[in-house]
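Working notes for the structure below.
The model shown is predicted, which means the values in this text are computed figures rather than measured ones. Counting begins at 1 with the first residue of the sequence.
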Amino acid sequence: QVRLVESGGRLVQPGDSLILTCSVQGGTLSMYVMGWFRQAPGKEREFVGAIRWTDVATIYADSTKDRFTISRDNVENQLYLLMNSVKPEDTAVYYCAANPGRLVWPTPQNYAYWGHGTQVTVSS
C-alpha cells in the first residue's frame, strides 16, 4: 500500500518562500497523478495543484498558479511544492495525495492515498 509523508511546514512571514516535501513509500508512481491540497480551519479541502509523474505536466488552482511550483524526484520518490510570495491566506494544513486512476485532477475524491498533512502558517 502506498504511504505518503509530508514535511517542511513551518511558520513563515508574508512574502517568504518555503518548500514542502512528500515522501512516497510502498508504490510505483510512474502511472500516477500526484496532487497537493490544503485545508484551513472551518474550510473545505482545496485543490492546490497536481503533477503527472511521467511527463511532469502540471495544473494549478487560480489562487496558486502564479506563485507555487510542483516538481518531483523520480529517483528519490519525492514530491515537492515550492511556495513563493506566500500570503496569510495560504495558512492551512497541506496534504499530498496520489491519484492512481488519473481522473479529474482537482477532485479530492479521485485520490486514493493521502498523507497526514503538514502545517503552514503565514503571519507577520
Side-chain angles (χ1 to χ4, degrees):
Q1 185 174 350
V2 174
R3 181 170 178 260
L4 310 176
V5 181
E6 304 95 337
S7 62
R10 58 185 175 93
L11 173 65
V12 293
Q13 296 182 346
D16 283 355
S17 297
L18 77 161
I19 185 166
L20 306 182
T21 299
C22 174
S23 297
V24 183
Q25 303 172 13
T28 301
L29 301 179
S30 60
M31 302 298 294
Y32 280 52
V33 168
M34 298 295 298
W36 285 99
F37 295 80
R38 65 187 183 186
Q39 189 165 18
K43 304 293 185 180
E44 295 184 359
R45 189 165 298 179
E46 178 187 17
F47 176 72
V48 174
I51 185 170
R52 188 161 55 202
W53 198 265
T54 54
D55 63 356
V56 299
T58 55
I59 61 170
Y60 299 92
D62 288 341
S63 60
T64 62
K65 63 182 180 181
D66 295 326
R67 298 181 294 120
F68 293 2
T69 303
I70 297 174
S71 60
R72 53 76 163 162
D73 187 322
N74 193 50
V75 175
E76 298 293 334
N77 261 16
Q78 291 183 322
L79 179 74
Y80 307 101
L81 179 66
L82 173 62
M83 306 169 62
N84 290 323
S85 302
V86 296
K87 305 175 181 179
E89 52 262 43
D90 294 322
T91 296
V93 177
Y94 283 72
Y95 300 88
C96 65
N99 180 354
R102 296 185 292 172
L103 301 176
V104 179
W105 293 10
T107 304
Q109 290 79 9
N110 292 334
Y111 290 76
Y113 307 103
W114 293 82
H116 291 161
T118 185
Q119 176 72 51
V120 174
T121 302
V122 183
S123 177
S124 59

Item to complete: Sequence neighbours left out, what passes side-chain contact (heavy atoms from CB on, under 4.5 Å) with T107? Give chain and number order.
Response: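 By the side-chain contact (heavy atoms from CB on, under 4.5 Å) rule, T107 matches V104, Q109, N110.
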**Message:** Could you work out, with side-chain contact (heavy atoms from CB on, under 4.5 Å) as the rule, every residue matching V56, not counting sequence neighbours?
**Reply:**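 Only I51, R72 meet the side-chain contact (heavy atoms from CB on, under 4.5 Å) criterion with V56.
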Are [X] and [Y] packed together at the side-chain level, in the sense that at least one heavy-atom pair is separated by less than 4.5 angstrom?
{"X": "Y60", "Y": "T69", "value": "yes"}
{"X": "L81", "Y": "L79", "value": "no"}
{"X": "L4", "Y": "Y111", "value": "no"}
{"X": "V2", "Y": "Y32", "value": "yes"}
{"X": "E6", "Y": "Y94", "value": "no"}
{"X": "Y80", "Y": "I70", "value": "no"}
{"X": "M83", "Y": "V120", "value": "yes"}
{"X": "W36", "Y": "F68", "value": "no"}

Could you note down all residue pairs passing salt bridge (Lys or Arg N to Asp or Glu O under 4.0 Å) where residues 39-51 supplies at least one of them, sequence neighbours left out?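 Checked against salt bridge (Lys or Arg N to Asp or Glu O under 4.0 Å) - neighbours excluded - the pairs reaching residues 39-51 are R38-E46.
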Original post:
Can you list every pair that meets salt bridge (Lys or Arg N to Asp or Glu O under 4.0 Å) and has a residue in residues 53-64, with sequence neighbours left out?
Top reply: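 Output for this query lists R52-D55, D62-K65.
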What heavy-atom pair brings [X] and [Y] nearest, and what distance separates the two atoms?
{"X": "P106", "Y": "F37", "value": "O-CE2, 3.7 Å"}
{"X": "Y113", "Y": "P100", "value": "CE1-CG, 4.3 Å"}
{"X": "G117", "Y": "V93", "value": "CA-CG1, 3.7 Å"}
{"X": "Q119", "Y": "A92", "value": "NE2-O, 3.4 Å"}

- Message: For the backbone of V48 and the side chain of T64, can you confirm whether one donor and one acceptor N or O come within less than 3.5 Å of each other?
- Response: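 Side chain of T64 to backbone of V48, a donor-acceptor pair under 3.5 Å: yes, one is there.
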Show every donor-acceptor pair shorter than 3.5 Å between a side-chain atom in residues 7-24 and any protein atom, with sequence neighbours excluded, or say none if there are none.
unit_1 : atom_1 : unit_2 : atom_2 : d
D16    : OD2    : Q13    : N      : 3.0
S17    : OG     : N84    : OD1    : 2.8
S23    : OG     : Q78    : NE2    : 3.3

Quiz item: Is there a ring pair (Phe, Tyr, Trp, His ring centres under 6.0 Å) between F47 and W105 once you walk through the steps?
Solution: CA-CA 9 Å; F47 176 72; W105 293 10; 8.4 Å; no
| said: Per the disulfide (SG to SG under 2.5 Å) rule, what does the pair list look like for residues 37-91, sequence neighbours excluded? | reply: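 Listed once each, the pairs would be none.
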